[in-house]
Amino acid sequence: MAQVRPRLVAFAAGMLGGLVRSDQRAKGELYLRGLLLDGRRKSMQPMAARLGVDHQQLQQFVTSSTWDYGEVRGRLARWAQEFIDPRAYVIDDTGFPKDGVDSPGVARMYSGSLGKVGNCQIGVSVHAVTDWASAAIDWRLFLPKSWDDATVDGDDDPEAAAEIRRRRARSKIPDQVRHREKWRQALDMLDEITGDEQAGGWGLHPRPVVADAGYGDCTEFRLELEARGLPYVLAVQATTSAYLADAQPMTPPYRGRGRPPVPRYPDARSTLAALALTAGRRALRRVTWRHGTRKHPGNPTAAMTSRFLALRVRPANRDIPRAPDGTLPECWLIAEWPPGKPEPTDYWLSTMAPDTPLRELVRLAKIRWRIEHDYRELKDGLGLDHFEGRSYLGWHRHVTLTALAQAFCTSLRYDPKAPAPA
């Protein structure tokens with residue numbers, strides 16, 4: 001820390017320069033230093049002990065001081081655009097295990113971090129990503145229905161509604177913040193990231209959106225991305241229905257009674273799995289999407305390679321709007337079919353351009369590995385899930401400062417390295 005402290009001070013000044021008061025900027029740098037120092041716990045009291053300060057300084061800065069974490073995130077996002085030059089925006093969510101019931105948004109929910117249903121908070125995040133670096137640039141705390149009194153009929157159950165209002169008041173949750181599906185929160189963040197600066201957005205360049213099947217299986221999410229002009233590569237289930245791109249709708253003959261028939265596809269919808277199996281192994285191509293670090297004699301370059309196929313298809317969910325001639329919109333189906341497997345193991349839908357090379361589609365589909373790296377570094381090294389406060393504002397400020405600490409680590413990690421000794 002003694003060696004990098006001047007760099008940290010300069011980095012914090014750039015990220016927290018919009019804070020009006022000098023004492024806030026100083027406490028922000030202090031909090032970042034606490035997150036970066038060694039130590040098992042990164043909650044306020046252990047950090048304050050390592051820093052040699054009263055923990056009230058950190059607590060006041062995070063929970064009751066007046067500064068806008070959204071402005072800080074915007075600065076981080078613009079830094080990521082310049083320093084990382086992201087290839088995509090990746091959406092994901094992660095769990096924060098909790099013992100009690102008073103932390104904002106806590107409930108019994110499934111958490112991928114736990115691998116089961118447990119008592120936790122869920123944070124939804126958007127990451128600016130390339131294969132070599134990434135940054136968690138925006139966050140939302142997911143509020144389940146049990147934290148939204150508007151989802152409870154106050155006439156039928158006034159006590160339940162009153163209890164929810166008491167919990168919201170204790171956590172200082174703004175009245176306009178309500179239960180909102182994770183995919184809608186992801187859209188809110190993408191709107192903020194790519195929105196016009198004059199309208200309160202951050203003005204970042206639109207980039208492809210990548211997410212797992214928790215988001216990709218939501219037809220409305222895919223349609224909203226298309227409406228925003230954001231191309232995507234989204235994981236989906238093998239049972240997703242679709243037609244091949246060359247399928248054509250037909251208009252049945254009008255028999256003179258009732259409403260005239262509309263164009264429709266004559267054949268039954270298929271599934272992505274069935275379309276891939278029909279294409280067969282002859283459609284597979286071997287693709288190396290990146291090189292890892294685990295080299296061995298059989299793979300000296302640590303090449304990550306598998307077999308993939310790409311087909312032009314027309315997803316056929318009933319909620320997808322059709323053109324006047326009855327056709328459904330066309331997109332890519334990407335399927336991974338590893339050697340030795342009887343059928344594909346993973347599927348993605350993508351609205352990347354029809355001339356996009358298969359290797360580029362695969363690279364984007366696989367780029368989510370960076371998010372696992374982010375969550376591991378943010379949690380294990382920087383204390384993302386160590387926040388013990390019980391305020392909605394405090395949670396958002398803590399995750400923002402943790403993301404800043406990770407960005408600082410990224411800037412250090414990619415310093416030019418000294419030549420190796422002869």
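Computed from a prediction, not measured in an experiment: that's the story for all the values here. Along the sequence shown, residues are numbered consecutively beginning with 1.
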**Q.** Interatomic spacing from CG in Leu143 to CD in Gln185 - rounded to 0.5 Å
**A.** 7.0 Å

**Q.** Identified side chain to side chain contact (heavy atoms under 4.5 Å, CB included) partner of Leu36 from the options Met1, Arg5, Lys42
**A.** Met1

Q) Is Glu29 salt-bridged to Arg33, cutoff N-O under 4.0 Å? A) yes

Q) Sub-3.5 Å donor-acceptor pair from the side chain of Thr219 to the main-chain atoms of Asp319, do we have one? A) no

Q. Can a salt bridge be assigned to the pair Arg170 and Asp102 using a cut-off of 4.0 Å between side-chain N and carboxylate O?
A. yes

Q) Can a salt bridge be assigned to the pair Arg78 and Glu197 using a cut-off of 4.0 Å between side-chain N and carboxylate O? A) yes

Q. Hey, is the main chain of Pro97 close enough, under 3.5 Å, to the side chain of Asp385 for a donor-acceptor pair?
A. no

Q) Within a radius of less than 6.0 Å around CZ of Arg285, do more than 12 heavy atoms belonging to other residues, nucleotides or ligands occur? A) no

Q: Verify, without hydrogens or angle tests, whether Gln121 (side chain) and Pro104 (backbone) share a donor-acceptor contact under 3.5 angstrom.
A: yes

Q.
Counting only heavy atoms not in Asp196 (residues, nucleotides, ligands), do more than 12 fall under 6.0 Å from its CG?
A. yes

(Q) Does Gln56 have more than 12 heavy atoms from other residues, nucleotides or ligands lying within 6.0 Å of its CD? (A) yes

**Q.** Inter-residue atom distance Lys182.NZ - Phe142.CZ, 0.5 Å rounding
**A.** 5.5 Å

Q. Does Trp147 have Arg167 sitting over its ring (NZ/CZ under 6.0 Å from centre, angle to axis within 45°)?
A. yes

Q.
Quick test of your reading of the model: are Arg312 and Asp246 salt-bridged, counting only N-O distances below 4.0 Å?
A. no

Q.
Just by distance, no angles: are the side chains of Ser125 and His127 close enough, under 3.5 Å, to form a donor-acceptor pair?
A. yes

Q) How long is the span from the CZ atom in Arg269 to the OG1 atom in Thr240, to the nearest 0.5 Å? A) 11.0 Å

Q: Kindly determine whether Glu336 and Lys366 satisfy salt bridge (Lys or Arg N to Asp or Glu O under 4.0 Å), including the steps that lead there.
A: CA-CA 10 Å; Glu336 181 178 3; Lys366 290 289 190 177; 2.8 Å; yes

Q: May I ask you to decide whether Arg281 forms a salt bridge with Glu343, counting only side-chain N to carboxylate O separations under 4.0 Å?
A: no

Q) Under 30°, 30 to 60°, or over 60°: which ring-plane class applies to His373 and Trp369, parallel, tilted or perpendicular? A) perpendicular

**Q.** Trp132-Tyr414 aromatic ring centre distance below 6.0 Å
**A.** yes

**Q.** Lys172 NZ/CZ over Tyr392 ring centroid, <6.0 Å and within 45° of normal
**A.** no

**Q.** Salt-bridge contact Glu377-Arg370 (side-chain N to carboxylate O under 4.0 Å)
**A.** no

Q | Salt bridge flag under 4.0 Å for residues Arg7 and Asp415 | A | yes

Q. With under 30° as parallel and over 60° as perpendicular, where do the rings of Trp289 and Phe308 fit, or are they tilted in between?
A. perpendicular

**Q.** Arg166/Glu159 ion pair, N-O < 4.0 Å
**A.** no

Q.
Check this for me, if you would: do Glu224 and Arg184 make a salt bridge, where the nitrogen-to-carboxylate-oxygen distance has to be below 4.0 angstrom?
A. no

(Q) Looking at Glu192 and Arg73, is any side-chain nitrogen of the basic one under 4.0 Å from a carboxylate oxygen of the acidic one? (A) no

Q.
Looking at Glu360 and Arg87, is any side-chain nitrogen of the basic one under 4.0 Å from a carboxylate oxygen of the acidic one?
A. yes

Q) Could Arg180 and Asp148 be called an ion pair, given the rule that one side-chain N must be under 4.0 Å from one carboxylate O? A) no

**Q.** Sidechain-backbone polar pair: Arg140 side chain, Gly123 backbone, donor-acceptor under 3.5 Å
**A.** no

Q. To the nearest 0.5 Å, how far apart are CG in Leu16 and CG in Leu32?
A. 6.0 Å

(Q) Below 30° counts as parallel, above 60° as perpendicular, anything between as tilted: where do the rings of Trp395 and Phe96 land? (A) perpendicular

Q | From CD (Gln45) to CD (Glu388), nearest 0.5 Å | A | 7.5 Å

(Q) Between His398 (side chain only) and Gly383 (backbone N and O only), is there a donor and an acceptor less than 3.5 Å apart? (A) yes

Q) Where does the angle between the aromatic ring planes of Tyr375 and Trp139 fall among parallel (under 30°), tilted (30 to 60°) and perpendicular (over 60°)? A) tilted

